[in-house]
Amino acid sequence: MDWKKQYRKAITFSYDDGIEQDLPLLQILRDYGLKGTFNLNTGLDYNHGTWQYGDLCVHRLNLEEHKKDYAGQEIAVHGRLHQNLTELSVAEIQEELGQDAAEITRIFGTRPVGMAYAYGVYQERVLEEVRKLGLRYGRGVVSTHRFDLQADLLQFQPTCHHDDPQLFQLAEQFLNSDPTEPQIFYIWGHSYELEGKNHWDYLKRFCEKISGREDVFYGTNREVLLGV
Ligand SMILES: [Zn+2]
């Protein structure tokens, strides 16, 4: 659906890496009727790609066991092994992205149409391969603090990270605005940050604030960026 026919404001979330804490995050999004996109590394699992975030040992989910948990949300590419794409050969980029897209299609039954760049980095030859794979948007990590539509969706940048000191101020500005052109509030992050920083209540307060507005469309990245 093209939300712009009915709305001038849309909110979407983007969460990376398919971490254990996606489960409580998914529950919060469901509770508040919010939507987003989860960018997953299908070559990693509970015991592979583990690392330490402060006191928290970060584990990825065994995705096959959690298909239903992600229901209603979009699944997108984040690289099979979470590699820095700018350090790979063209053949390696094709493998890293192509195999992730194929595995997502196999596990979730839907072919992904977008991605988030691991570490937020890319270069022209990466974009070329992303295009060839038929992915239609790619997200970086540079906060724009803006809501305008962006022309180059393969180099899309978020409004802000969920830990941004201006998060609530931006929400206020967005919710109170009456724009003449379509606007998107795009928030990204990692669910382990919510656990590691004990920010669950903070996120719930944010979701409480932005949810349930009749003049806002709540959709996945695909719905909001591509209108499909
Ligand atoms: Zn990542």
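Heavy-atom basis, side chains included; hydrogens, waters and symmetry copies ignored.
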Exercise for the section: Check the angle between the aromatic planes of Phe147 and Phe185 and answer parallel, tilted or perpendicular using the 30° and 60° thresholds. Expected result: perpendicular
Exercise for the section: Apply the test side chain to side chain contact (heavy atoms under 4.5 Å, CB included) to residues Tyr218 and Val224: give CA-CA distance (whole Å), side-chain angles for both, the deciding distance (0.1 Å), then the verdict. Expected result: CA-CA 8 Å; Tyr218 303 98; Val224 168; over 6 Å; no
Practice task
Look only at the side chain of Tyr117 and the backbone of Val126, and say whether a donor-acceptor pair between them is shorter than 3.5 Å.
Solution key: no
Practice task
Examine distances only and state if a side-chain atom of Lys9 and a backbone atom of Leu175 form a donor-acceptor pair shorter than 3.5 Å.
Solution key: yes
Handout entry: By side chain to side chain donor-acceptor pair (under 3.5 Å) - contacts of Glu103 (at least two apart)
Key = Arg106
Handout entry: Validation row: Leu61, Glu20 side chains within 4.5 angstrom (heavy atoms)
Key = yes
Practice task
Compare all side-chain heavy atoms of Gln21 with those of Leu194 and state whether any distance is below 4.5 angstrom.
Solution key: no
Completion exercise
When rounded to the nearest 0.5 Å, the distance separating OG of Ser177 from CD of Gln183 is 6.0 Å
Handout entry: Non-neighbouring partners of Asp69 that pass side chain to side chain donor-acceptor pair (under 3.5 Å), sequence neighbours left out
Key = His66
Handout entry: Trp3 vs Glu223, side chain to side chain donor-acceptor pair (under 3.5 Å): CA-CA, chis, key distance, verdict
Key = CA-CA 8 Å; Trp3 60 275; Glu223 290 167 332; over 6 Å; no
Handout entry: Pair Gln83-Glu96, side-chain donor/acceptor within less than 3.5 Å
Key = yes
Practice task
Would you kindly confirm whether Tyr7 and Val216 end up in one hydrophobic cluster when ILVMFWY residues are joined by side chain heavy atoms under 4.5 Å apart?
Solution key: no
Handout entry: Side chain proximity check, Trp200 to Leu25, heavy atoms < 4.5 angstrom
Key = yes
Problem - Straight-line distance of Leu34 CG to Cys207 SG, nearest 0.5 Å - result: 5.0 Å
Practice task
Can you measure from NZ (Lys5) to CG (Asp2) and round to the nearest 0.5 angstrom?
Solution key: 5.5 Å
Handout entry: Sidechain-backbone polar pair: Asp164 side chain, Cys160 backbone, donor-acceptor under 3.5 Å
Key = no
Completion exercise
Sorted by chain and residue number, the side chain to side chain donor-acceptor pair (under 3.5 Å) partners of Arg139 (sequence neighbours excluded) come out as Ser14, Asp16
Problem - For His59, all residues meeting ring-ring contact (aromatic ring centres under 6.0 Å, His included), sequence neighbours excluded - result: Tyr46
Handout entry: Remaining members of the apolar cluster that contains Trp51, side-chain heavy atoms under 4.5 Å
Key = Ile19, Tyr53, Leu56, Val58, Tyr192
Handout entry: Set of side chain to side chain donor-acceptor pair (under 3.5 Å) partners for Arg80, sequence neighbours left out
Key = Gln99
Exercise for the section: Measure the shortest side-chain to side-chain distance between Tyr137 and Met115 over non-hydrogen atoms and say whether it is less than 4.5 angstrom. Expected result: no
Exercise for the section: Verify the ring-centre separation between His162 and Tyr15: is it less than 6.0 angstrom? Expected result: yes
Exercise for the section: Measure the spacing between CG of Asp17 and CG of Asn41 and express it to the nearest 0.5 Å. Expected result: 5.5 Å
Practice task
Starting from the C-alpha separation in whole Å, work towards a yes-or-no answer on side chain to side chain contact (heavy atoms under 4.5 Å, CB included) for Leu97 and Val130.
Solution key: CA-CA 8 Å; Leu97 300 183; Val130 171; 3.8 Å; yes
Exercise for the section: For Lys132, enumerate each residue passing the salt bridge (charged side-chain N to carboxylate O under 4.0 Å, His left out) test, keeping only those at least two apart in sequence or located in another chain. Expected result: Glu129
Practice task
Inspect the contact between Lys35 and Glu74 and indicate whether a charged nitrogen and a carboxylate oxygen are less than 4.0 angstrom apart.
Solution key: no
Practice task
Calculate, to the nearest 0.5 Å, the distance between atoms CG and CG belonging to Asn62 and Asn47 respectively.
Solution key: 7.0 Å
Exercise for the section: Measure the shortest side-chain to side-chain distance between Asp45 and Leu63 over non-hydrogen atoms and say whether it is less than 4.5 angstrom. Expected result: no
Completion exercise
Shortest non-hydrogen pair, Gly114 vs Leu135, comes out as N-CD2, 3.8 Å
Completion exercise
Taken in chain and number order and not counting sequence neighbours, the residues that satisfy ring-ring contact (aromatic ring centres under 6.0 Å, His included) with His48 are none
Handout entry: Polar side-chain atom of Asp100 near backbone of Thr42 as donor-acceptor pair, under 3.5 Å
Key = yes
Exercise for the section: Evaluate the side-chain proximity of Phe13 to Leu29: yes if any heavy-atom separation is below 4.5 Å, no if none is. Expected result: yes
Handout entry: Ring centers of Tyr186, Phe156 separated by less than 6.0 Å
Key = yes
Practice task
Flag yes if more than 12 heavy atoms outside Glu181 fall under 6.0 Å of its CD atom; otherwise flag no.
Solution key: no
Exercise for the section: State which residues pass salt bridge (charged side-chain N to carboxylate O under 4.0 Å, His left out) with Arg111; sequence neighbours excluded, sorted by chain then number. Expected result: none
Practice task
Is it possible for you to say whether Leu154 and Val77 belong to one hydrophobic cluster, with membership spreading through side-chain heavy-atom contacts below 4.5 Å?
Solution key: yes
Practice task
Check the angle between the aromatic planes of Phe108 and Tyr70 and answer parallel, tilted or perpendicular using the 30° and 60° thresholds.
Solution key: perpendicular
Handout entry: Minimum side-chain heavy-atom gap Lys209-Glu172 below 4.5 Å
Key = yes
Practice task
Could you go through the side chain to side chain contact (heavy atoms under 4.5 Å, CB included) check for Thr110 and Thr105 one step at a time?
Solution key: CA-CA 5 Å; Thr110 311; Thr105 307; over 6 Å; no
Practice task
Kindly state whether the ring of Phe206 and the ring of Tyr32 have centres lying under 6.0 angstrom apart.
Solution key: no
Practice task
Keeping to residues at least two apart or across chains, list the ring pair (Phe, Tyr, Trp, His ring centres under 6.0 Å) pairs with something in residues 72-91.
Solution key: His78-His82, His82-Tyr119
Practice task
Look at atom CG of Asp152 and say whether more than 12 heavy atoms of other residues, nucleotides or ligands are closer to it than 6.0 Å.
Solution key: yes
Completion exercise
Which of Asp178, Asp148, Asp215 passes salt bridge (Lys or Arg N to Asp or Glu O under 4.0 Å) with Arg8? It is Asp178
Fill in the blank from the handout: Contacts of Glu208 meeting salt bridge (charged side-chain N to carboxylate O under 4.0 Å, His left out) (sequence neighbours excluded), chain-then-number -> none
Handout entry: Flag, side chain of Gln150 to backbone of Gln157, donor-acceptor distance under 3.5 Å
Key = yes
Exercise for the section: Taking the side chain as every heavy atom from C-beta outward, state whether Gln169 and Phe174 have any pair of such atoms under 4.5 Å apart. Expected result: no
Exercise for the section: Drop me the distance from Thr12's OG1 to Ile187's CD1, to the nearest 0.5 angstrom. Expected result: 8.0 Å
Problem - Arg146 backbone acceptor or donor facing Thr159 side chain under 3.5 Å - result: yes
Exercise for the section: Please report the shortest heavy-atom distance between Ala171 and Ile210, naming the atom on each side. Expected result: CB-CG2, 4.1 Å
Fill in the blank from the handout: With sequence neighbours left out, the residues meeting salt bridge (charged side-chain N to carboxylate O under 4.0 Å, His left out) with Glu124 are Arg131
Problem - Thr37 side chain vs Thr220 backbone, donor-acceptor pair below 3.5 Å - result: no
